[in-house]
Enquirer: 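So that we are looking at the same thing, I have put the structure below in structure tokens.
Quick caveat: nothing in here was measured; it's all calculated off a predicted structure. All heavy atoms count here, side chains included; hydrogens, waters and symmetry mates do not.
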Amino acid sequence: MRSRFDQQLERLHLELTRMGAQCEQAIAAGIKALLEDDDEMAGEAIAIEREIDQQEREIESLCMKLLLQQQPVARDLRMVSSALKMISDMERIGDQAADIAEITRHIGGAPLPGQVRLKEMAQAAAKMVAGSVDAFVKRDLNLAGSVIQYDDVVDELFVRIKEELTELIRRDASSAEEALDLLMIAKYLERIGDHAVNLAEWVEYSITGNKK
């Protein structure tokens, strides 16, 4: 009985890892669509978001089977319940990556300040998502904690981008619409970082039984 449960937990780890990778791919595609004015990449981000939705349903089904058929207790129960919470956050990450892709379809013309930092911000947010999932699979409390701390990097990048775009609007009102679109993208990336923090906090709960 325990052997079958362990096999199903291993599958859960694999499926969560896959979902995390999909989130990273969606973020990367959305930002590439922005930086390269690539409508095909925007479409890819949106398509990946649909895959993430399907993955959420499959993992949810697997978790329910673990809960109903195996009746886990204590630590195992925390792992499964945490996974259910994590896939909800990852689904929202997919939504926000798709939202970024949609915005890029309305942005054109000359590069604006903030775009390079947006790439850096996207990479930082994706790193947080990957770290959270890795921490869950490895049951690594220190890694989960480092993900939470790394959110400061994403937040600082958001502040800098906001300042740059605010200054741009002040200097050139004709750029306001594009600047506001870029600011919205930065806000979505900030939210992705917040969801990654949630992921890491659920990892901590799965290990310690304590939730912030």
Enquirer: Taking side-chain hydrogen bond (donor to acceptor under 3.5 Å, both in side chains) as the definition, give me every residue that meets it alongside Arg170, ordered by chain and number, with sequence neighbours left out.
Expert: Glu167

Enquirer: Which pairs, with at least one residue in residues 179-191 and sequence neighbours excluded, count as a salt bridge (Lys or Arg N to Asp or Glu O under 4.0 Å)?
Expert: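 Of all non-adjacent pairs touching residues 179-191, those that pass salt bridge (Lys or Arg N to Asp or Glu O under 4.0 Å) are Lys187-Glu190.
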
Enquirer: Taking only residues two or more places apart in sequence or in another chain, which ones pass side-chain hydrogen bond (donor to acceptor under 3.5 Å, both in side chains) with Glu204?
Expert: none

Enquirer: Among pairs that include at least one residue of residues 155-182, which meet ring pair (Phe, Tyr, Trp, His ring centres under 6.0 Å), considering only residues two or more places apart or in two chains?
Expert: none

Enquirer: Run the ring-ring contact (aromatic ring centres under 6.0 Å, His included) test against Phe136 and tell me which residues pass, sequence neighbours left out.
Expert: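 Applying ring-ring contact (aromatic ring centres under 6.0 Å, His included) to Phe136 gives His13.
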
Enquirer: Can you tell if the side chain of Ile93 reaches within under 4.5 Å of the side chain of Leu199, non-hydrogen atoms only?
Expert: yes

Enquirer: Run the side-chain hydrogen bond (donor to acceptor under 3.5 Å, both in side chains) test against Arg78 and tell me which residues pass, sequence neighbours left out.
Expert: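 With sequence neighbours excluded, Arg78 shows a side-chain hydrogen bond (donor to acceptor under 3.5 Å, both in side chains) to no residue whatsoever.
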
Enquirer: So do Leu157 and Leu189 actually touch side chain to side chain, heavy atoms under 4.5 Å?
Expert: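 Counting from C-beta outward, Leu189 and Leu157 never come under 4.5 Å.
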
Enquirer: Hey, could you give me each pair passing side chain to side chain donor-acceptor pair (under 3.5 Å) that has a residue in residues 135-164? Not counting sequence neighbours.
Expert: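 Counting only pairs at least two positions apart or across chains, the side chain to side chain donor-acceptor pair (under 3.5 Å) contacts touching residues 135-164 are Arg117-Glu164, Asp134-Lys138.
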
Enquirer: Would you say that Leu67 contacts Leu84 through its side chain, given a criterion of any heavy-atom pair below 4.5 Å between the two side chains?
Expert: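 The answer is yes, as the side chains (C-beta and beyond) meet within the 4.5 Å cut-off.
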
Enquirer: Between Ile59 and Met90, is there a side-chain heavy-atom distance shorter than 4.5 Å?
Expert: no

Enquirer: If the condition is side-chain hydrogen bond (donor to acceptor under 3.5 Å, both in side chains), which residues does Ser174 pass it with, not counting sequence neighbours?
Expert: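 side-chain hydrogen bond (donor to acceptor under 3.5 Å, both in side chains) check on Ser174 returns Asp172.
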
Enquirer: Under the side chain to side chain donor-acceptor pair (under 3.5 Å) definition, can you give me all pairs with a residue in residues 118-129, not counting sequence neighbours?
Expert: none

Enquirer: Starting at CD1 of Ile100, measure out to CD1 of Ile31 and round the result to the nearest 0.5 Å.
Expert: 5.0 Å

Enquirer: What residues form a salt bridge (Lys or Arg N to Asp or Glu O under 4.0 Å) with Glu24, not counting sequence neighbours?
Expert: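 Partners of Glu24 under the salt bridge (Lys or Arg N to Asp or Glu O under 4.0 Å) test: none.
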
Enquirer: So, taking the atom named CE in Met79 and the one named CG in Leu12, what distance separates them when rounded to the nearest 0.5 Å?
Expert: 7.0 Å

Enquirer: Give the table of side-chain donor-acceptor pairs shorter than 3.5 Å for residues 47-58, with sequence neighbours excluded, one pair per line with atom names and distance.
Expert:
| from | atom 1 | to | atom 2 | distance (Å) |
| --- | --- | --- | --- | --- |
| Gln54 | OE1 | Arg57 | NE | 3.4 |
| Gln54 | OE1 | Arg57 | NH2 | 2.8 |
| Gln54 | NE2 | Glu58 | OE2 | 3.2 |
| Gln55 | NE2 | Glu15 | O | 3.0 |
| Gln55 | NE2 | Glu15 | OE1 | 2.7 |

Enquirer: For the CD atom of Gln96 and the SG atom of Cys23, what is their distance to the nearest 0.5 Å?
Expert: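 Rounded to the nearest 0.5 Å, the CD-SG separation comes to 10.0 Å.
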
Enquirer: Is there any salt bridge (Lys or Arg N to Asp or Glu O under 4.0 Å) pair reaching into residues 86-101, and which pairs are they, with sequence neighbours excluded?
Expert: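 Matches after skipping sequence neighbours: Arg92-Asp95.
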
Enquirer: Side-chain contact, heavy-atom cut-off 4.5 Å: Ser132 with Trp202?
Expert: no

Enquirer: Distance from Glu44 atom CD to Gln25 atom CD, nearest 0.5 Å?
Expert: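 Answer rounded to 0.5 Å: 7.5 Å.
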
Enquirer: Determine whether Thr104 and Ile185 make a side-chain contact, defined as any pair of heavy atoms from C-beta on separated by less than 4.5 Å.
Expert: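 Yes, side chains in contact.
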
Enquirer: So do the side chains of Leu118 and Leu34 get within less than 4.5 Å of each other, counting heavy atoms only?
Expert: yes

Enquirer: Can you measure from CD (Gln8) to CG (Asp76) and round to the nearest 0.5 angstrom?
Expert: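 Those atoms lie 11.5 Å apart.
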
Enquirer: Could you grab the distance from atom CD1 of Ile148 to atom CD of Glu201, nearest 0.5 Å is fine?
Expert: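 Separation between the atoms: 5.0 Å.
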
Enquirer: Check for me, please, whether Ile46 and Ile192 land in the same ILVMFWY cluster - side-chain distances under 4.5 Å, paths through other members count.
Expert: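 Different hydrophobic clusters.
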
